Amino acid sequence: MGPVRVKYYGLLALTRRQYLFCQAVLLVLFLIVMAVMLAVPMPDALREAARTDFKARLIKFLWDNFLWIGLVVLVLEGIETVIMLQKFARLEAGQGAGPPGTEPTVGPK
């Protein structure tokens, strides 16, 4: 029997190794974006425009709070990773329990 596959958001059937590789790539990209956003100062034109324009005010709010938004996203991704790894463990533990020739998969619940 091949490696266990789990449906990721009902779209992709991934093995544990594929899932962890995707999570690692996304984590690196996230950290790069976070470092760039924290290193680049907010443009003065955006500060000026935020006084009158709603869209500029929203962008300024997101820019000012990017660190906190990023930390919340990071925690949520960590929770999702734990849940997915538990699904993999549950399927790997019961891999031999199904009928012969079938591959267990788990979709979103």
Side-chain angles (χ1 to χ4, degrees):
M1 212 181 268
V4 173
R5 293 183 176 270
V6 172
K7 286 276 213 171
Y8 186 61
Y9 289 115
L11 300 173
L12 302 170
L14 299 174
T15 63
R16 179 189 297 258
R17 184 175 178 171
Q18 291 169 335
Y19 175 74
L20 290 175
F21 178 77
C22 290
Q23 289 297 93
V25 169
L26 289 175
L27 177 64
V28 168
L29 290 175
F30 175 79
L31 292 175
I32 290 170
V33 168
M34 192 111 165
V36 169
M37 285 295 292
L38 294 174
V40 175
M42 185 183 308
D44 291 331
L46 179 61
R47 289 183 200 278
E48 294 297 321
R51 294 183 182 153
T52 58
D53 186 27
F54 174 74
K55 289 180 186 177
R57 196 174 312 133
L58 179 63
I59 292 171
K60 181 183 180 304
F61 172 79
L62 292 174
W63 197 306
D64 287 340
N65 296 301
F66 189 77
L67 175 64
W68 298 110
I69 295 168
L71 290 175
V72 168
V73 168
L74 196 59
V75 167
L76 292 174
E77 279 296 317
I79 292 169
E80 180 211 12
T81 301
V82 168
I83 291 170
M84 287 294 288
L85 291 177
Q86 287 174 347
K87 285 183 181 181
F88 277 112
R90 187 173 61 240
L91 284 175
E92 288 170 351
Q95 191 172 22
T102 61
E103 233 180 275
T105 59
V106 170
K109 292 184 179 181

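Values in this document were obtained by computation on a predicted structure and should not be read as measured data.
The 12-atom threshold is not exceeded at CZ of Phe61, counting heavy atoms of other residues, nucleotides or ligands nearer than 6.0 Å. More than 12 non-hydrogen atoms from other residues, nucleotides or ligands lie less than 6.0 angstrom from CZ of Phe66.
For the atom pair Thr15 OG1 and Leu20 CG, the distance stands at 8.5 Å (nearest 0.5 Å). Once rounded to the nearest 0.5 Å, the distance linking CD1 of Ile79 with CG of Leu74 reads 10.5 Å. For the atom pair Leu12 CG and Gln18 CD, the distance stands at 9.0 Å (nearest 0.5 Å). With values rounded to the nearest 0.5 angstrom, Arg57 atom CZ is found 13.0 Å from Leu62 atom CG.
Of all heavy-atom pairs between Val4 and Phe88, the closest is O-CE2, 3.8 Å.
Contact annotation: the side chain of Glu80 approaches that of Tyr9 to within less than 4.5 Å [non-hydrogen atoms, C-beta and beyond]. The closest side-chain heavy-atom distance from Leu71 to Val75 is not below 4.5 Å. Under the 4.5 Å side-chain criterion, counting only non-hydrogen atoms from C-beta, Met84 is not in contact with Gln23. Side-chain contact between Thr81 and Tyr19 is present, with heavy atoms from C-beta onward closer than 4.5 Å.
In the hydrophobic clustering of this structure, Val73 groups with Leu67; members are Ile, Leu, Val, Met, Phe, Trp, Tyr whose side-chain heavy atoms approach within less than 4.5 Å, directly or through other members.
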Could you go through residues 31-53 and list every donor-acceptor pair under 3.5 Å that involves a side-chain atom there, pairing it with any protein atom two or more places apart or in another chain?
{"residue": "Glu48", "atom": "OE1", "partner": "Arg51", "partner atom": "NH1", "Å": "3.0"}

